[in-house]
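A short write-up of the structure that comes next.
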Amino acid sequence: MATAMSRTSRRSPLSYSRPANALLRVVQPLMPPRLPVSHRWGLVAIMLLGAFLRLYQLDLTDFGDHEAAGFNLALQWLDQGRFPLSGVSSSTGVDRPAGMPYLLTPILVLSRDPLIATALLALLNVASIPFCYRLVVQYFGRREALLAALLYAGSFWAAYIARQAWDMAPMAPLALLILDRILAATVRRRPAALGWALFWAAFAVAVHPAALGLAGAVLVTALVLRPRLSWTVLPGLALAAVAWAPFLSYLAGNQWRDLRKALQVGVAAPQVDLDIVGLALWQLLPSPRDDLFQSPGGSVLPAPLALEAAHGLVTVAFLASLLYCAHRGLAALRRPAGPEAAYLVLALAYLTPIALLVRHSFPLFNHYAFPLLPSSAIILAVGLGRVSRFGFRVPRFGWGLGAAVSLVAIQVLVLVTLLHWVGDNGGTFWRGAALRFVSQALAAAAASRASPEDPVYIAIGEHHQHFDYLVRGRFPASIVDQNTTLVFPASGRPVVYLTAVDESVTARLLRQRFPDAEWFHLKRSSLPDYYRVFSLPPDAGVPAQATVIQTRGPWALDNGIRLEGYALPEDVLPSQDLPLTLAWTVAALPPEPRPDFRFFAHLLDRTGLETYATALKFVKYLGSFA
């Protein structure tokens with residue numbers, strides 16, 4: 001009887017409220033089988049934390065040209081049946097495979113709202129948290145599995161990247177899939193797993209070239225641990241070939257131009273430096289010195305010195321964990337089928353991508369280290385799990401749990417602080433603009449129209465694809481270069497201008513010409529810029545379009561004015577007025593501009609002599625309010 005009662009008391013934690021049990025039933029399919037009760041609810045709490053960090057104020061996500069380009073390629077497939085053979089161009093000007101558009105296509109079938117698509121990608125990252133637990137528990141133990149899931153879910157960079165519809169958003173789940181298949185092929189000696197590891201690596205590279213290091217890790221671990229080979233690797237290899245077949249056909253159709261360009265970029269003046277090492281260690285804990293946290297008033301984050309000290313401690317702890325994994329993994333060189341092989345795979349999965357990028361010929365940025373995020377969390381969890389067995393011990397976990405919780409708490413504070421600061425002040429995101437602010441500006445511009453048929457003119461710089469995507473099907477819009485000729489619709493119709501940069505030439509001219517025009521001061525996510533919406537009176541312009549310019553310059557004039565081009569009619573009758581259309585821009589206003597200008601034109605005959613046979617009685621001006 002006593003035994004029966006003790007067993008009943010151990011089962012008592014299962015008696016939770018109905019909402020808790022309902023939540024458990026929802027997440028149960030994602031959890032590993034035969035999970036202890038304490039780990040089950042611990043993993044539920046970790047997943048809720050990961051969901052909070054990835055979904056909280058999600059409308060502050062960046063949405064820029066890069067994201068819009070991937071969305072547009074997916075929509076071309078859905079709406080026009082144009083299967084994308086290549087993706088967006090890289091920063092080096094080389095076209096890339098279309099892995100991200102392939103991934104976005106089923107998402108856009110559900111909704112074309114970029115916020116919903118971003119949320120679905122964030123949920124994909126949340127679903128990878130229990131997969132991380134499942135992976136680690138098979139090879140390193142339950143204690144390490146729960147610590148790894150906590151560190152991965154609470155990682156600032158893993159959460160921050162998961163909050164974007166960027167190529168890096170699916171990279172962490174793909175890295176976990178690749179690591180899982182490598183371990184299955186080498187430790188469990190399953191030949192088919194090697195083929196699937198190569199497939200997932202090929203697909204990850206098609207999503208973003210930063211995953212080349214993951215593909216290298218597959219090959220290096222296969223060479224070192226020599227997994228079993230059989231015909232079962234062929235399905236994975238065949239799917240990898242299918243995934244790359246569209247892009248290979250695209251390269252062949254362009255005489256392998258982009259491949260040659262990529263090879264030229266790869267071998268051009270390579271240098272050996274440790275940039276990638278610093279970027280990889282930078283991912284462990286955000287540093288207040290990162291550009292992401294800088295504002296005109298200094299660092300956005302509180303207590304920067306304390307954060308720097310914490311970053312140093314975490315780096316030391318991580319390096320010790322990496323050394324421990326490498327030390328245990330060396331035994332696998334003698335016994336590739338032993339349990340130590342998992343430690344060697346883990347160390348190689350982290351070190352191989354770094355070694356491949358130590359010698360490079362192009363500037364490295366943070367996102368080249370993002371594929372290492374899952375491995376970093378697991379390596380640190382293995383080290384903390386080892387430390388938990390020594391010294392003062394909290395039941396079951398010891399020091400490791402306390403250190404992991406403290407590290408995650410710091411990163412939660414950093415992310416929440418950044419999001420609140422961005423929401424209140426505008427932000428310092430790397431690319432694009434926060435979706436919340438862009439949506440507010442577009443809504444204000446649409447509401448300023450007198451009629452739903454009136455267009456909105458969006459004056460921007462070189463980046464415009466995200467505006468094209470966001471206004472698609474919502475209202476007529478025309479993109480105008482912020483530093484070139486202003487385009488007016490027909491006289492008598494209201495004009496609405498949305499300027500994306502407050503200090504652009506367009507915004508400056510509009511403020512000078514229409515100081516009393518309606519405008520909205522809306523925050524943009526890269527200080528000190530703002531969105532302004534100008535609702536102009538119906539008689540603001542003349543019926544002219546920039547497309548009528550036939551002869552284009554530019555020709556520099558006095559006082560910072562640049563004549564962009566002019567247009568004349570093809571035929572004119574004697575004694576008829578000769579309309580002349582001029583287009584100009586203000587390249588740079590001088591310190592003390594003259595108060596007014598007078599333009600004049602001479603009519604020359606074929607010999608270059610001035611003639612007065614026809615008078616220029618009507619001159620049309622585009623692009624200036626002087």
Side-chain angles (χ1 to χ4, degrees), residues 59 63 65 68 71-72 75 79-80 111-116 433-461 463-502 504-524 529-549 567 579 581-583 585 618 620-626:
D59 59 343
F63 189 78
D65 284 0
F71 277 62
N72 285 328
L75 288 185
D79 297 340
Q80 306 171 22
S111 174
R112 302 188 178 190
D113 187 338
L115 186 59
I116 294 179
L435 197 57
R436 176 190 299 179
F437 304 140
V438 181
S439 299
Q440 289 177 354
L442 291 174
S448 299
R449 298 174 300 166
S451 168
E453 290 75 26
D454 293 335
V456 173
Y457 289 87
I458 304 175
I460 57 175
H463 302 291
H464 65 272
Q465 291 191 53
H466 60 292
F467 281 101
D468 287 338
Y469 184 85
L470 292 172
V471 302
R472 183 187 306 231
R474 294 176 57 185
F475 53 81
S478 178
I479 304 298
V480 183
D481 191 330
Q482 65 186 18
N483 291 321
T484 57
T485 303
L486 295 179
V487 182
F488 287 138
S491 180
R493 298 188 63 186
V495 186
V496 176
Y497 271 98
L498 168 63
T499 62
V501 180
D502 189 38
S504 67
V505 173
T506 298
R508 196 159 60 241
L509 292 174
L510 286 169
R511 288 202 306 272
Q512 291 173 0
R513 178 63 177 82
F514 305 105
D516 298 327
E518 183 181 6
W519 61 278
F520 300 86
H521 205 185
L522 298 174
K523 291 187 280 286
R524 187 189 180 204
D529 301 330
Y530 295 88
Y531 290 114
R532 286 179 180 263
V533 178
F534 293 86
S535 181
L536 308 187
D539 58 349
V542 294
Q545 296 290 335
T547 55
V548 303
I549 300 301
T581 301
L582 303 178
T585 61
F618 180 69
K620 204 182 297 182
Y621 297 115
L622 294 177
S624 176
F625 300 114

Which pairs count as salt bridge (Lys or Arg N to Asp or Glu O under 4.0 Å) when at least one residue sits in residues 435-446, sequence neighbours excluded? Asp59-Arg436
Which pair of non-hydrogen atoms, one from [X] and one from [Y], has the smallest distance, and what is that distance?
{"X": "Pro114", "Y": "Leu470", "value": "CG-CD2, 3.7 Å"}
{"X": "Leu498", "Y": "Ala445", "value": "CB-CB, 4.4 Å"}
{"X": "Pro476", "Y": "Pro452", "value": "CD-O, 3.9 Å"}
{"X": "Ser535", "Y": "Ser448", "value": "OG-O, 3.6 Å"}

Are side-chain heavy atoms of [X] and [Y] found at a separation under 4.5 Å?
{"X": "Val438", "Y": "Phe63", "result": "no"}
{"X": "Asp454", "Y": "Val496", "result": "no"}
{"X": "Leu435", "Y": "Leu115", "result": "yes"}
{"X": "Leu442", "Y": "Ile458", "result": "yes"}

Could you state the interatomic distance from OG (Ser478) to CG (Asp468), rounded to the nearest 0.5 Å? 9.5 Å
Inter-residue atom distance Arg472.CZ - Asp79.CG, 0.5 Å rounding: 7.5 Å
Can you tell me how the ring of Tyr531 sits relative to the ring of Phe467, calling it parallel under 30°, perpendicular over 60° and tilted otherwise? perpendicular
Give the ring-plane orientation class for Tyr457 versus Tyr497, where under 30° counts as parallel, over 60° as perpendicular and anything between as tilted. tilted
With sequence neighbours excluded, tell me which residues meet side chain to side chain donor-acceptor pair (under 3.5 Å) with Arg474. none
